[in-house]
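Below: the structure, in C-alpha cells.
A quick note: this is a predicted structure, and the numbers were derived from the prediction, not measured.
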Amino acid sequence: MSDNTQQMPPPPQPSPELRRLDFLVGTWKLGGKTEAGPMGPAAALSGTETFEWLEGGFFLVHRWNCAIDMGPAGKMPDVGYEFFDFDPETQKFRSHYFSSFGPFNEEQSRYTGDFEDDKLVLVGPAKYVRKLNNDGSVSYDCDFPAPDGNWVPFMHATLTKVS
C-alpha cells in the first residue's frame, strides 16, 4: 500500500498580512457627514457597521446598514457588503463591495491599497482612509477624484465600537 499523504500539498493559509486588519473587527456605531458638492447637499450619516473574519481567515467581511439623512428629502438607505483580502503578488490589500446604490460593476466595485503610516488607504473610484484612534474609535474618510488629479473630500465619519 502506498502512502499518498506524502504527495499532498499543505492546505493554503491566509496571508499573515491580513491580521493588520484586526483593528476593524467588531460591531461599530457610525456617525458622520457628507460634504456639499457634486453628489448633493451635505447630509448626516448614521448606522451600524460590522467587520468579521470569514471562516478560514482569508477574507474580512464588512457589512453595513446605514442611512444618509437628506433633510426634507428624507433618509436614503445605504446597505452593503465588502470583502477584504490580500494579494501576495502585488503585496496590496484588495476590497470588493456590493451596495444598495447599484448593480455590481467590476471597475466601480474594486479597491486596492495598503497602510500609509497608521492609515489603511484603499483607492478605486474613490479613496477610503481608515485610521485607529487613541481612544479606540476609527476615523473613516472618503474622497472623490477631481478632474485635476487631486482628491475632493466627500465623507467624514467616526466608528465607535459597540461590541
To the nearest 0.5 Å, what is the distance between [atom1] on [X] and [atom2] on [Y]?
| X | Y | atom1 | atom2 | answer |
| --- | --- | --- | --- | --- |
| T50 | L24 | OG1 | CG | 11.5 Å |
| L132 | S137 | CG | OG | 7.5 Å |
| D69 | S46 | CG | OG | 7.0 Å |
| K29 | C66 | NZ | SG | 12.0 Å |

If you define the side chain from C-beta out and look only at heavy atoms, does anything of [X] sit under 4.5 Å from [Y]?
| X | Y | value |
| --- | --- | --- |
| T112 | F93 | no |
| F84 | V61 | no |
| L18 | L60 | no |
| F58 | F86 | no |
| M155 | L45 | yes |
| V129 | Y140 | no |
| F23 | V138 | yes |

What residues, two or more places apart in sequence or in another chain, satisfy side chain to side chain donor-acceptor pair (under 3.5 Å) together with D143?
->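 Not a single residue meets the side chain to side chain donor-acceptor pair (under 3.5 Å) criterion with D143.
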Can you tell me if CZ on F115 sees more than 12 non-hydrogen neighbours from other groups inside 6.0 Å?
-> yes
Cation-pi check, R94 to Y111: give yes when NZ or CZ is under 6.0 Å from the six-membered ring centre and within 45° of the ring axis, no otherwise.
-> no
Any donor-acceptor N/O pair, D87 side chain to E89 backbone, under 3.5 Å = yes
Under 3.5 Å donor-acceptor, K161 side chain and V25 backbone = yes
Flag yes if [X] and [Y] sit in one hydrophobic cluster, no otherwise; membership is Ile, Leu, Val, Met, Phe, Trp, Tyr, and two members link when side-chain heavy atoms are under 4.5 Å apart.
| X | Y | result |
| --- | --- | --- |
| Y128 | V123 | no |
| M76 | Y97 | yes |
| L122 | V152 | no |

Start with the C-alpha distance between T27 and F51, add both sets of side-chain angles, then the distance that settles side chain to side chain contact (heavy atoms under 4.5 Å, CB included), and finish with yes or no.
-> CA-CA 7 Å; T27 299; F51 294 82; over 6 Å; no
Closest contact, heavy atoms only, [X] versus [Y]:
| X | Y | value |
| --- | --- | --- |
| K75 | P77 | O-CD, 3.9 Å |
| P145 | P125 | CD-O, 3.2 Å |
| P14 | G57 | CB-O, 3.2 Å |
| S139 | N133 | OG-ND2, 2.9 Å |

List the steps, then state whether side chain to side chain contact (heavy atoms under 4.5 Å, CB included) holds for K131 with V121.
-> CA-CA 9 Å; K131 178 186 181 293; V121 179; over 6 Å; no
Does the gap between the ring centers of F98 and Y81 come in under 6.0 Å?
-> no
Residue pairs passing the side-chain hydrogen bond (donor to acceptor under 3.5 Å, both in side chains) test where at least one lies in residues 55-66, sequence neighbours excluded |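 Output for this query lists E49-H62, E52-R63, H62-E82, W64-D78.
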Can you list every side-chain hydrogen bond (donor to acceptor under 3.5 Å, both in side chains) pair that touches residues 150-159, not counting sequence neighbours?
->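 As it turns out, the side-chain hydrogen bond (donor to acceptor under 3.5 Å, both in side chains) pairs with a partner in residues 150-159, which skip direct neighbours, are E35-H156, D141-H156, D148-N150.
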Given the rule in the side chain to side chain contact (heavy atoms under 4.5 Å, CB included) test, do L21 and R19 qualify, once you have shown the distances and angles that lead to the verdict?
-> CA-CA 5 Å; L21 302 179; R19 301 316 297 193; over 6 Å; no
